[in-house]
Amino acid sequence: MKTLVIGAGNMGLTYAEGMAQSAMLNRRNLMIFDKSADVIARLRDLDHFDVYESLEECLPKADMVFIAVKPYHCDDLFEEMQPMVNQEQIFVSLMAGVTIAKIQEGLAVKKVVRSMPNLPAQVGKGVTSYTESSEVSRVELLMVRNLLDTTGKSIHVESENYIDASTGISGSGPAYVFYFMNSMLEAALKMGFSKNDSKVLVSQTFEGAVELFNQNDLSPDTWMNRVASKGGTTRAALDSMDDNNVKELIKDAAYAAFDRAVELGEEKK
């Protein structure tokens, strides 16, 4: 199976490098395309995959095509791609807000998988939600999943509505974590810790808490109660968050990202 990644930005290159480690592919079966001469030169130095600067040379050869360009480039790209595609090819979109119907119409194809990756895919800890058009077979979908899993974990969802919803949780979610981390870093610095010590305190706290959560079936509420005691320091912090409605504000932020994902999809119809 020959696989092509179109676009060698952060996400495209992340998936290409992940797939380069997959037992499903080898160097000759993994292709990557980009229009930038500087990017092409850097890719060739990596020597992980076959690098192309012309779609005509690689797109017709591909069995599966990952599209990893900025959503606002999709119309021009689809126009360029359409004369070179065929109905047996599977198209996997990593573009936010671009619907399956939009891709099918733009490329005049049927087999489309829409996915929503997130930034931790760059370190093999990503989570990608995905869904497919009815023309994609179960076997084909399994192949797609195996490739998506090369950057972390994947979750199959039943409809595109859940792709938009996962944008609000996992797609945009790393930024919420960094927002919280930044606030804790600023507090640590204000308390007098050095920049390096502040980073260790905050990063190790997050890493440890996530590991505890993953290794057990306990809910976050249970863990919070294990840390907090009546009248203690943690309870004072949690009471402050409750008094300031932090939980609802975080939920509102996730829904704001979800709503914007839906809007983007409507704009690109």
Side-chain angles (χ1 to χ4, degrees), residues 10-11 14-15 17-24 94 115-131 141-142 144-158 162-189 191 193-242 244-255 257-258:
N10 287 335
M11 203 54 68
T14 292
Y15 274 86
E17 291 183 324
M19 290 187 288
Q21 310 304 315
S22 170
M24 292 178 62
L94 302 174
S115 68
M116 171 45 60
N118 70 353
L119 192 62
Q122 293 184 3
V123 291
K125 294 289 185 180
V127 58
T128 303
S129 58
Y130 67 99
T131 194
L141 195 62
L142 180 60
V144 172
R145 177 167 195 159
N146 286 338
L147 292 178
L148 293 176
D149 282 346
T150 62
T151 61
K153 296 182 178 180
S154 60
I155 298 173
H156 180 257
V157 296
E158 295 301 319
Y162 289 104
I163 297 291
D164 292 328
S166 66
T167 301
I169 303 300
S170 59
S172 300
Y176 316 157
V177 177
F178 293 135
Y179 190 97
F180 204 99
M181 290 178 75
N182 192 54
S183 299
M184 290 179 65
L185 283 167
E186 289 180 359
L189 290 168
M191 291 174 186
F193 289 102
S194 69
K195 187 174 181 180
N196 183 67
D197 286 348
S198 297
K199 182 177 180 179
V200 173
L201 284 168
V202 173
S203 63
Q204 195 67 15
T205 297
F206 270 79
E207 185 176 346
V210 170
E211 191 66 24
L212 284 172
F213 180 72
N214 285 336
Q215 289 189 7
N216 295 271
D217 292 328
L218 300 178
S219 69
D221 278 336
T222 301
W223 279 116
M224 283 190 288
N225 288 328
R226 286 196 172 190
V227 179
S229 56
K230 187 176 180 180
T233 59
T234 307
R235 180 50 58 194
L238 295 176
D239 286 346
S240 174
M241 292 182 193
D242 286 341
N244 286 285
N245 210 28
V246 172
K247 181 186 290 187
E248 294 306 314
L249 291 175
I250 292 172
K251 291 179 187 176
D252 288 347
Y255 269 97
F258 169 41

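Nothing fancy with the numbering, it's 1 onward along the sequence. As a basis for the values below, the full set of heavy atoms in this structure was taken, side chains included, without hydrogen atoms, waters or symmetry mates.
- Annotation: salt bridge (charged side-chain N to carboxylate O under 4.0 Å, His left out) contacts of K251 (sequence neighbours excluded): E248.
- No donor-acceptor pair under 3.5 Å is formed between the side chain of T151 and the backbone N or O of Y15.
- The two residues M11 and A121 have their closest heavy-atom pair at SD-CB, 4.4 Å.
- Residue pairs meeting the salt bridge (Lys or Arg N to Asp or Glu O under 4.0 Å) criterion with at least one member in residues 162-177, sequence neighbours excluded, are R114-D164.
- Residues passing the side-chain contact (heavy atoms from CB on, under 4.5 Å) test with L189, sequence neighbours excluded: K195, S198.
- Sorted by first and then second residue, the pairs that involve residues 170-182 and meet side chain to side chain donor-acceptor pair (under 3.5 Å), not counting sequence neighbours, are N182-E186.
- Residues passing the side-chain contact (heavy atoms from CB on, under 4.5 Å) test with S115, sequence neighbours excluded: V92, L94, P117, T128, Y130.
- To the nearest 0.5 angstrom, R145 atom CZ is 8.0 Å from I155 atom CD1.
- Across all their heavy atoms, M116 and I163 have their closest contact at CB-CG2, 4.0 Å.
- Taking E158 as the reference, nothing meets the side chain to side chain donor-acceptor pair (under 3.5 Å) condition, with sequence neighbours excluded.
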For a quick test of your reading: what N or O donor-acceptor pairs under 3.5 Å do the side chains of residues 220-227 make, sequence neighbours left out?
residue, atom, partner, partner atom, Å
T222, OG1, S219, OG, 3.0
N225, OD1, R235, NH2, 3.3
N225, ND2, D221, O, 3.2

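- N118 pairs by the side chain to side chain donor-acceptor pair (under 3.5 Å) definition with nothing, not counting sequence neighbours.
- In this view, E207 and Q204 satisfy the side-chain contact (heavy atoms from CB on, under 4.5 Å) rule, not counting sequence neighbours.
- When atom types are taken as modelled, the side chain of S240 and the backbone of A236 share no donor-acceptor pair closer than 3.5 angstrom.
- A distance-only check finds no donor-acceptor pair linking the side chain of S22 to the backbone of G18 [under 3.5 Å].
- Heavy atoms only, all atoms of each residue included: Q215 and E211 are closest at NE2-OE2, 2.6 Å.
- Listed by chain and residue number, S129 satisfy the side chain to side chain donor-acceptor pair (under 3.5 Å) test with S166 (two or more places apart in sequence, or in another chain).
- By the 6.0 Å contact criterion, CZ on F206 is enclosed, its count of non-hydrogen atoms from other residues, nucleotides or ligands being greater than 12.
- With sequence neighbours excluded, no residue forms a side chain to side chain donor-acceptor pair (under 3.5 Å) with N10.
- Checked against side-chain contact (heavy atoms from CB on, under 4.5 Å), N214 has the following partners two or more places apart in sequence or in another chain: V210.
- Here the straight-line distance linking atom CG of L201 with atom CG of N196 works out to 9.5 Å at 0.5 Å rounding.
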